[in-house]
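The structure presented is a predicted model; accordingly, all values stated were derived computationally and were not measured.
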Amino acid sequence: MKFFILSRGDDTSNLIQQKILSYLADFGFTLNQEDPAIVISVGGDGTLLEAFHRYQHRLDQTAFVGLHTGHLGFYADWRPDELEKLVISIAKTPIETVDYPLLEILIDHHDQKKERFLALNECTVKTTEGSLVMNIEINQEHFETFRGDGLCISTPSGSTAYNKSLGGAIIHPSLAAIQLTEMASINNRVFRTIGSPLIFPQHHQCMLKPINDVDYQITVDHLTLIEKNVEKITLHVAKEKVRFARYRAFPFWNRVRDSFIGN
Ligand code: NAD
């Protein structure tokens with residue numbers, strides 16, 4: 001089986017990367033950067049986000065697993081002292097995977113340019129100047145005009161990240177849905193927004209339409225883009241899914257508890 005290991009690049013992560021590499025080579029596995037069946041990220045959640053974006057063109061053929069070298073991560077949920085256990089599991093057991101939904105982001109520009117992105121965590125939209133002012137359409141019908149700091153649209157597995165800091169709900173990744181949360185909306189007698197996070201099921205679409213011709217700062221997971229001339233941003237549950245290799249049970253709610261409450 002072909003595998004690839006992505007390290008965060010610090011000494012601890014690099015050392016673990018080398019150990020996994022030599023163990024898997026001993027088991028007859030082949031290191032392959034082009035078309036790995038399994039990608040092991042060593043570092044933090046950010047490293048796994050990077051691995052996801054690197055292999056997002058072959059999600060149906062690549063499974064991901066994350067080992068953390070700092071604090072427990074949401075995606076990077078194997079501990080360094082479980083390294084041997086992880087390697088033996090990879091070598092000896094057939095890959096069993098769990099699928100998580102993704103967010104599709106389509107950006108249409110006034111000059112006909114079109115861009116498409118996939119997010120594992122979320123997309124955020126802010127402006128580079130002043131308040132964000134955007135019309136929000138749900139399934140092609142006007143819903144509200146948003147004024148405020150920004151908007152965050154997250155996946156279920158991303159609901160524990162930026163979305164959670166914004167007061168969004170935590171959604172189990174078995175639900176194919178996306179969630180829209182506000183960042184400091186302006187609400188007074190003139191301007192009004194719903195104020196609550198909105199959760200959209202698969203096949204529903206949320207569209208953001210700029211009112212002013214300004215530049216937008218759009219993030220897709222850990223990546224930041226400056227977008228000009230934006231006509232509309234369309235968001236919905238992607239047809240693709242990400243596959244995580246599961247070699248032991250670590251239920252989502254246990255991860256939520258261990259990360260935020262303590263065990
Ligand atoms: P980073 O180094 O700033 O890490 C942000 C933190 O988010 C880390 O502790 C990481 O473990 C955690 N995290 C990432 N994905 C998570 C998830 N799905 N559930 C729970 N925690 C998660 O940045 P990075 O490593 O490049 O990660 C980018 C992510 O940072 C973004 O996707 C966004 O979700 C998050 N972020 C959060 C805030 C906030 O909460 N105010 C602000 C900016 C970015």
Side-chain angles (χ1 to χ4, degrees), residues 49 52-53 56 101-171 175-188 190-240:
L49 290 173
F52 164 77
H53 282 275
Q56 59 176 303
L102 298 168
L103 166 70
E104 182 183 68
I105 305 137
L106 302 168
I107 306 179
D108 283 73
H109 298 258
H110 287 294
D111 58 4
Q112 312 300 314
K113 185 175 121 184
K114 290 179 191 296
E115 293 173 287
R116 179 179 187 266
F117 301 95
L118 282 180
L120 175 53
N121 267 353
E122 78 285 289
C123 167
T124 67
V125 182
K126 298 177 187 172
T127 56
T128 53
E129 45 193 303
S131 295
L132 178 78
V133 186
M134 281 205 160
N135 280 325
I136 299 182
E137 286 184 9
I138 299 176
N139 299 336
Q140 266 121 36
E141 296 225 28
H142 179 77
F143 183 74
E144 66 179 18
T145 302
F146 175 88
R147 282 177 181 77
D149 281 3
L151 291 162
C152 172
I153 306 88
S154 62
T155 64
S157 61
S159 67
T160 48
Y162 205 159
N163 167 78
K164 186 176 179 299
S165 306
L166 297 170
I170 296 181
I171 301 185
L175 299 172
I178 55 169
Q179 180 170 193
L180 174 73
T181 42
E182 301 179 350
M183 296 177 197
S185 56
I186 300 171
N187 267 286
N188 53 34
V190 183
F191 306 129
R192 183 132 312 278
T193 63
I194 190 76
S196 307
L198 302 178
I199 297 171
F200 302 105
Q202 207 162 18
H203 310 306
H204 281 211
Q205 130 182 328
C206 174
M207 197 181 277
L208 312 180
K209 285 190 168 168
I211 292 174
N212 305 324
D213 184 19
V214 292
D215 294 350
Y216 293 92
Q217 181 186 299
I218 298 178
T219 67
V220 178
D221 296 336
H222 58 303
L223 309 164
T224 301
L225 320 158
I226 301 295
E227 297 281 348
K228 296 173 187 295
N229 219 5
V230 175
E231 184 195 345
K232 60 184 184 193
I233 303 167
T234 311
L235 304 134
H236 46 77
V237 177
K239 59 180 188 309
E240 297 96 329

I want to check something: taking the side chain as every heavy atom from C-beta on, are Leu175 and Ile199 in contact at a cut-off of under 4.5 Å?
no
Leu106 CG to Phe117 CZ distance, which is reported to the nearest 0.5 Å
10.0 Å
Side chain to side chain contact (heavy atoms under 4.5 Å, CB included) between Asn212 and Thr127: does it pass, once the steps are laid out?
CA-CA 10 Å; Asn212 305 324; Thr127 56; over 6 Å; no
Spatial distance of atom CG (Leu180) from atom CG (Leu208) [nearest 0.5 Å]:
7.0 Å
Evaluate the side-chain proximity of Thr219 to Leu225: yes if any heavy-atom separation is below 4.5 Å, no if none is.
no
Atom pair OG1/CD of Thr128 and Gln217 - distance to nearest 0.5 Å
8.0 Å
Could you tell me whether a side-chain N or O of Asp221 sits under 3.5 Å from a main-chain N or O of Leu120, the two making a donor and an acceptor?
yes
Suppose we screen for salt bridge (Lys or Arg N to Asp or Glu O under 4.0 Å). Which residues come up paired with Glu240, at least two apart in sequence or across chains?
Arg116
For Ile171, does its backbone N or O pair with a side-chain atom of Ser159 as donor and acceptor, under 3.5 Å?
yes
How far does OG1 of Thr224 sit from NZ of Lys126, to the nearest 0.5 angstrom?
9.0 Å
Between Thr193 and Thr145, the two heavy atoms sitting closest are CG2-O, 3.7 Å
When you measure from the side chain of Asn163 to the backbone of Ala169, do you find a donor-acceptor pair of N or O atoms at a distance under 3.5 Å?
yes
Check whether any side-chain heavy atom of Asn187 sits under 4.5 Å from a side-chain heavy atom of Arg192, and report yes or no.
yes
Correct closest heavy-atom pair for Ile211 and Met134 would be CD1-C, 4.3 Å
Side-chain donor-acceptor pair under 3.5 Å between His110 and Glu231, yes or no?
no
Side chain to side chain donor-acceptor pair (under 3.5 Å) partner of His109, the single match among Lys114, Glu115, Lys232:
Glu115
How far apart are the closest heavy atoms of His203 and Asn139, and which atoms are they?
O-OD1, 4.4 Å
Thr124 side chain reached by Met183 side chain, heavy atoms, under 4.5 Å
yes
Within this structure, what is the CG-NZ distance for the pair Asp108 and Lys209, rounded to the nearest 0.5 Å?
10.0 Å
Taking all non-hydrogen atoms of both residues, which atom of Ala177 and which atom of Pro156 are closest, and how far apart?
O-CD, 3.1 Å
Quick one: are Ile194 and Glu182 in side-chain contact, heavy atoms under 4.5 Å?
yes
Inter-residue atom distance His53.NE2 - Leu118.CG, 0.5 Å rounding:
8.0 Å
Minimal non-hydrogen separation, Pro210 against Tyr216, with atom names:
CB-OH, 2.9 Å
Indicate the atoms forming the closest heavy-atom contact of Thr181 with Pro197, along with that distance.
CG2-CB, 3.7 Å
